Amino acid sequence: MAIIGIDLGTTNSLACIYRNGKVELIPNELGEYKTSSAVSVLENGAVLVGAAAKERLVSHPESTAASFKIWMGTEKTLALGGRRFKPEELSALVLRQLLEDARRYLGELVEEAVISVPAYFNDDQRCATKLAAQLAGLTVKRLINEPSAAALYHRYSTQSGDCQLMIVDFGGGTLDVSIVECFENIIEITAIAGDNRLGGDDIDRAIVAHFCKENGLTEEKLEPSLRASLYHQAEMAKIALSSAPAASLSLQQGEEQYSLVLTCDLLRQLCGPVFQKVRAVIGRAMKDRERAGRINDVILVGGSAQLAVFGDFLEELFGRRPHVAAGPDEIVALGVGLCAGIKERAEDLQDLVMTDVCPFSLGVSTYSYAGDRRPHMAVLIPRSSMLPASHQERFYTLHDNQTGLRFEIYQGEGYFASENLKLGELEVRVPPGPAGEQSALVTFTYDIDGILHVSAKSSGGDYRDRLILNPNLHLTQEEQDRAMERIQEIQLAAQGSQRDQLLLERALRLYTQLLGRERDMAARLICIWKDLMERGDRIGREKNYTQIKEQLDYLEARSQADPWDEDFWFDEAEEDGAEDEAEDETED
Ligand code: ADP
Ligand code: MG
């Protein structure tokens, strides 16, 4: 049975397999490698995943969700079409869709995978990713850090000499920076820094905020579909600016028309705060690496790395323009596919070795003296330790006749325990005795997936494993079975209909964005296409697909047209006919 590699992204997800000595991306039903990580509940209760669901963010915001990866490992739930979903459940639906596409493409059932996570994902987020996979009926063979996957593929595909690289992965919702040493067939990650809440989405948000400010609007008061449309336009404009000097956004609310022209200078200005955070993260990675020494190359991966103003910013920072990896939004997936090949013990990958490090320090809260009021961190595994890492430390009682030793487990860099992320706690009983006589030995093991295991054994022989805090993430077998059932019960939108559904959703989205004659045109197309879909008329759809798609492409172009581009100056050629008529009249 095949093991596949999955890049479960904030914005887009991809699947990949290593077979016949090659890494191969797995196309979805639309023939595309990228599947939008968007989920929408249809009127009939079925769930749509991918590009068509992304369209529904604008037309049906109340039943659609995207970018939910940023909530993984938190207790937040999202309401979709009257049901509440945890982020892990939404991710599980994306995984189910990827598995379904892989099954169709490979002709065999897939039940095992290597999944990538942002290097800077904390323990809760990693556990949440594993849970999402379980809910989708998938066994996780390994979690791999996204930039490490990118480094693996880069090394595999370029075969350059020994070098030190910096990988900057700038996606939709996360930033990861890794320093990588390549020596012969060994790829050693030496430092990781990142931000789990920083990406292209923040740039879209800044554009939308600016649009609202300039037009005297309050974002929160906008109707959900208008707001979603504005986000959609912000993203389109941002992407357009990598190849055009300006792009525009516009919104019609009642009688009022609002607009904004986005230029490169304005975009640069709006990106300022985001780029400052990027700069800080890069600085942290540089400081943390094991050996100083020069960086031979900076490699940019992730969708947002393609942003021209981002390249400008890095050029200024490094004094040289870093190059964007070929296929920057596919390289992580290719690396995860390779990793799946290594897991399967593919012959030709056997000598490829990769080591990774932990992004955060791990420890327990402790008191230094009997009257100490505010517990601080006793770090057992400092950040940047090579994985897997294991460390033991003995802790003693502080009071006479203390009955137990209680440990709170934390992840983070703060001196005081409370400044860090609490991962769990555990308590062991000790026999009575004078202060300092009884003790407990605490063992931390950070596994290769970046997940922490903790146990403690007291001098009295009491032994405990950690209790996990976040009950959402650590279900009993029964709870897990029930949660899995709930996810497996949901029907994914019918096979073979993705392309047609996407066309309909796109027309519906354009309808909400356009007005006047163009809106009427969208309405006509919706009517024709919806009828063909509802009647199950396959032949009719085959016959009309291309033509309707072309008309939607036209409407798409109209919806993005720069208002300063056309229809602004009085166009003589266009008016010629009218003048002729006028002349005719005077002659009469
Ligand atoms: P993730 O790994 O978070 O799923 P991706 O690496 O696919 O994300 O990147 C998605 C982000 O990249 C989005 O914010 C999107 O707007 C942005 N993006 C995609 N293509 C481009 C482009 N050509 N120029 C600028 N930004 C882009
Ligand atoms: Mg990514």
Side-chain angles (χ1 to χ4, degrees), residues 5-16 25 32-39 49-51 54 57 66-72 87 90-91 94-95 98 115-121 125 129 143-151 153 167-178 194-208 230-244 247 262 264 267-268 270-271 274-275 278 299-314 324-337:
I6 295 177
D7 170 6
L8 184 62
T10 313
T11 322
N12 298 298
S13 296
L14 299 88
C16 185
L25 291 167
E32 286 162 359
Y33 296 136
K34 285 197 279 186
T35 295
S36 294
S37 307
V39 172
V49 174
K54 188 176 179 188
L57 269 180
S67 292
F68 37 82
K69 181 176 166 179
I70 65 165
W71 305 113
M72 290 281 276
L90 294 170
S91 293
V94 173
L95 287 169
L98 295 175
I115 301 181
S116 59
V117 290
Y120 219 58
F121 249 22
Q125 293 167 310
T129 305
L143 291 180
I144 180 178
N145 290 331
E146 288 167 6
S148 309
Y153 184 75
I167 310 255
V168 179
D169 182 353
F170 196 29
T174 53
L175 167 75
D176 271 327
V177 176
S178 291
D195 191 328
N196 288 332
R197 295 280 172 82
L198 191 67
D201 290 355
D202 294 286
I203 299 173
D204 303 348
R205 259 194 292 280
I207 297 171
V208 169
L230 202 48
Y231 271 91
H232 179 86
Q233 292 184 53
E235 185 184 8
M236 296 318 245
K238 170 188 78 176
I239 292 173
L241 280 197
S242 291
S243 54
L262 188 68
C264 285
L267 181 63
R268 219 183 305 273
L270 295 175
C271 286
V274 173
F275 290 171
V278 174
I299 290 151
L300 303 183
V301 307
S304 303
Q306 298 167 75
L307 210 64
V309 291
F310 186 60
D312 297 344
F313 156 72
L314 291 180
V324 180
D329 33 22
E330 292 172 355
I331 182 167
V332 169
L334 289 163
V336 189

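Scope of the values below: all heavy atoms of this structure, side chains included, with no hydrogens, waters or symmetry mates. Atoms within a ligand are numbered from 1 in the order they appear, just like the ligands themselves. Throughout, numbering of the chain's residues begins at 1 and tracks the sequence. What you are looking at is a predicted structure, and each value in this text was computed from that prediction instead of being measured.
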Distance-only donor-acceptor check, side chains Thr35 and Ser13, under 3.5 Å: no

Distance filter under 4.0 Å, heavy atoms only, around ligand 1 gives Gly9, Thr10, Thr11, Asn12, Gly171, Gly172, Gly173, Gly200, Asp201, Glu235, Lys238, Ile239, Gly302, Gly303, Ser304, Gln306, Leu307

How would you list, by chain and number, every residue that makes a ring pair (Phe, Tyr, Trp, His ring centres under 6.0 Å) with Phe275, sequence neighbours excluded? Phe310, Phe313

Quick check for you: to the nearest 0.5 Å, what is the distance between Phe68 atom CZ and Ser37 atom OG? 6.0 Å

Closest contact, heavy atoms only, Ala333 versus Leu25: CB-CD2, 3.8 Å

Can you spot which of Asp204, Asp201, Thr10 makes a side chain to side chain donor-acceptor pair (under 3.5 Å) with Ser67? Asp201

Checking the side chain of Asp176 only, and the main-chain atoms of Ala119 only, is there a donor and an acceptor separated by less than 3.5 Å? yes

